[in-house]
Amino acid sequence: MALGQLCAAIWDSQSKPDVIVWIQTRDCSDTHCTEMQCLRPLPPSPTTAVHYLATKCVDTVKHHQSTKWFMPWGPNQCDKIRDFDEAMAKKIEANNIVFAVHIPLPNKEMSPWFQFMLVILQFDIAFKMYNQIEDGALATIDVGLAYRDDTLSEWTEMAHSIEQRKLSCNFTTTKTYENEGRYYECDLLPFMELGNVAHKYYLLNIRLPVSERKKINMGIGEIKDIRLVGIHQNGGFTKVWFAMKTFLTPSILIIMVWYWRRITLMTRPPVLLEKVIFALGLCMTFINIPVEWFSVGFNWTWMLLFGDIRQGIFYAMLLSFWIIFCGEHLMDQMERNHFSIYWKQVGPIVFGSFCLFIFDMCERGVQLKNPFYSIWASDVGTELAMAFIIVAGICACLYFLFLCFMVFQVFRNISGKRSSLPAMSKARRLHYEGLIFRFKFLMLVTLTCAAMTVIFFIISQVNEGHWHWGDYTVQVNSAFFTGIYGMWNLYVFAIMFLYAPSHKRYGDEQSSGDAGASGEDIQLTTTITHVDGPTEIYKMTGKEAQE
């Protein structure tokens, strides 16, 4: 069996999603390129990248028909040519050549479990002294996308657009006649993104129209081939992800209902910290709800944008919660339990989340109508996108440092209150020592969760954008994604469970003679789980005279 057939035989991202990736290498040290395909095992990854080489079809019709689709293989395959030298020999013009790509590979089919499809484009451009790539050259691409769900039906047009992509190519050797035929090193170009893979087969027909009068596709070099990289989510990872969401949704929903019921049983109104914890539970439930199940049966192309919005809301709520959580435990503050005193800290978080939403709408919002649109296609868009990723990473690091500073202040204040403990009775001292220990442990867990969240956010931004600036990327496996997601749910569950108000009612009818001893015994049952725990620590200095 040939190596390429072996690749096609064992590639099955739905049943064995995390072990295979297509690798294509090219040795162009001479004027002739040697193609080689191989398989490379990788760590489990949420996505799979498949490489495609476009087939050169010939449009023999004098007036191009927009409804005609050119199939690269199969019973109704198009008339093909091997290279452009053959086209010149047969006097075939460049405007009559159509680059056809069938997704997926032969004898395979796409699946709704793949969730999305991102396509990256790369040109193979040979160096010619009389046809060099000009500075700032723009490639004009006339592209159409069609789909069908069986091999016998006709292709149905899904999208059509005329796009421009700026070429960024380098020629590493001297530009002389002796080096003609060598290939430029060109960057990958964003090409297409679909928010749902609802059909089994997709067909791309790409034209590179040439017009000297309109200066279309002039100065882009001698294009030999077009290569595409199709990236989609692994079917196995999708099933695990859906199952995880389905299991965690009722867990958080039940603890949230139980938590709010505990609050409503109290005679006092809920305090700020209780309200923020409940809001965090709502956001966690919102991001948990497995609406992605419907994307398997419906062609919901907006699922990627909806997922980004849900995640952005949760990020904003989680970051704001940590600020308020630490601020409410800074026991030297004169004002507490008011949301207005945190506007300086929460305001930038809300503003950053709004900017993230606008940035997402500028790309994925437009892609709902035109899947070939990319904010990375223009110089201004590329600079804005790069600036956003860099600024977002810097702001995430600064936020974490600020949170560490707040936690340090909390620890310092608590340590200052510990000086009151030796003067207390043994029972009361043991109560407060346990209270302080559990509270410090919870603060350290909060700091760890914040650190992992910041790391996850930065890696996600880098991993999403690395196709647009080169081969530099961070390898992320599925365990990291599911681990972070599970950590968020466990943390929110623990916060609501530990900070739910106690249902116990401590009797005040006891006589003053035994009230002190029984009160100290009862207080031993009070832990950091009670929302008034930090307040008790805060009041320690006021009880020194009584003790």
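Quick note: numbers below take in every heavy atom, side chains included, and nothing from hydrogens, waters or symmetry partners.
R165 contributes a side-chain N or O that, together with a main-chain N or O of P190, makes up a donor-acceptor pair within less than 3.5 Å. For the pair T238 (side chain) and W113 (backbone), a donor-acceptor distance under 3.5 Å is present. Without hydrogens or angle criteria, R207 side chain to D142 main chain gives no donor-acceptor distance under 3.5 Å. Panel note: side chain E180, backbone M129; a donor-acceptor pair is recorded below 3.5 Å. Side chain of T48 to main chain of N234: no donor-acceptor pair is present (N/O by atom type, distance under 3.5 Å, no hydrogens or angles). Using a distance-only test at 3.5 Å, with no hydrogens or angles considered, a donor-acceptor pair links the side chain of Q77 to the main chain of G74. Y491 places no side-chain N or O within 3.5 Å of a backbone atom of C449 that could act as its donor or acceptor partner. No side-chain donor-acceptor contact under 3.5 Å links D79 to the backbone of V58.
In K80, the NZ atom is crowded: over 12 heavy atoms of neighbouring residues, nucleotides or ligands sit closer than 6.0 Å. Within 6.0 Å of atom CD in E86, more than 12 heavy atoms from other residues, nucleotides or ligands are found, so the atom counts as buried in its surroundings. Taking a 6.0 Å sphere around CE of M218, one finds it holds more than 12 heavy atoms contributed by other residues, nucleotides or ligands. In this structure, F400 places its CZ atom where more than 12 heavy-atom neighbours from other residues, nucleotides or ligands lie under 6.0 Å away. The number of heavy-atom neighbours closer than 6.0 Å to CG of N76, taken from other residues, nucleotides and ligands shown, is 12 or below. Other residues, nucleotides and ligands contribute over 12 non-hydrogen atoms within 6.0 Å of the NZ atom of K245. The local environment of CG in N107 is sparse, with at most 12 non-hydrogen atoms from other residues, nucleotides or ligands closer than 6.0 Å.
Between atom CG of residue D360 and atom CG of residue D308 there is a gap of 4.0 Å, rounded to the nearest 0.5 Å. Considering CD1 of I220 and CZ of F123, their distance stands at 6.5 Å, rounded to 0.5 Å. Between the CG atom of L490 and the CE atom of M284 there is a distance of 11.0 Å, given to the nearest 0.5 Å. We find the CG-CD1 distance between L118 and I231 to be 4.5 Å, quoted to the nearest 0.5 Å. With values rounded to the nearest 0.5 angstrom, Q164 atom CD is found 8.5 Å from N217 atom CG. Distance check, rounded to the nearest 0.5 Å: CD1 of I458 to SG of C395 gives 10.5 Å.
Classification of the Y315-F457 ring pair by plane angle, with boundaries at 30° and 60°, yields perpendicular.
At a threshold of 4.5 Å between non-hydrogen side-chain atoms, the residues Q122 and D225 do not count as touching. Inter-residue side-chain proximity for M452 and I484 is flagged as met; some heavy-atom pair is nearer than 4.5 Å. No side-chain heavy atom of F359 sits less than 4.5 Å from a side-chain heavy atom of L384. Contact check for F171 versus Q132: no side-chain heavy atoms found under the 4.5 Å cut-off. In this structure, the side chains of K166 and T382 stay at 4.5 Å or more apart for every pair of heavy atoms. In this structure, L228 and M192 have side chains that are not in contact, with every pair of non-hydrogen atoms separated by 4.5 Å or more. Looking at heavy atoms from C-beta onward, I226 lies in side-chain contact with L208 at the 4.5 angstrom threshold. Counting heavy atoms from C-beta outward, M256 and L253 have side chains that approach closer than 4.5 Å.
Across all their heavy atoms, P72 and L203 have their closest contact at CD-CD1, 3.8 Å. Between M110 and M117 the shortest heavy-atom distance is CE-SD, 3.9 Å. Pairing each heavy atom of I125 with each of C169, the nearest pair is CD1-SG, 4.2 Å. Pairing each heavy atom of G281 with each of V492, the nearest pair is CA-CG1, 4.0 Å. Across every non-hydrogen atom of Q233 and F116, the tightest pair is CB-CE2, 3.7 Å. Pairing each heavy atom of C283 with each of I313, the nearest pair is SG-CG2, 4.0 Å.
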Q. Can T482 and F237 be said to form a side chain to side chain contact (heavy atoms under 4.5 Å, CB included), step by step?
A. CA-CA 10 Å; T482 55; F237 174 77; 4.1 Å; yes
Q) Can L318 and L280 be said to form a side chain to side chain contact (heavy atoms under 4.5 Å, CB included), step by step? A) CA-CA 7 Å; L318 186 63; L280 181 64; 3.9 Å; yes
Q.
Run the side chain to side chain contact (heavy atoms under 4.5 Å, CB included) test on R227 and D124 for me, step by step, so that the C-alpha distance in whole Å, both residues' side-chain angles and the decisive distance to 0.1 Å come before the verdict.
A. CA-CA 8 Å; R227 299 177 183 274; D124 286 349; 2.6 Å; yes
(Q) Would L167 and L189 count as a side chain to side chain contact (heavy atoms under 4.5 Å, CB included) here? Give the steps. (A) CA-CA 8 Å; L167 299 181; L189 301 174; 4.1 Å; yes
Q) Taking it one step at a time, do W241 and F481 satisfy ring-ring contact (aromatic ring centres under 6.0 Å, His included)? A) CA-CA 9 Å; W241 188 253; F481 278 97; 7.1 Å; no
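When ring centroids are compared, F306 and W300 stay outside the 6.0 Å threshold. Aromatic rings of F191 and F372 (six-membered ring for Trp) have centroids within the 6.0 Å cut-off, being under it.
Shown are Q115, R364, Q367; of these, the side-chain contact (heavy atoms from CB on, under 4.5 Å) with L304 is made only by R364. Partner of H102 under the ring-ring contact (aromatic ring centres under 6.0 Å, His included) criterion, chosen from Y52, Y202, F70, W155: W155.
Taking 4.0 Å as the cut-off between side-chain N and carboxylate O, E292 and R310 count as a salt-bridged pair.
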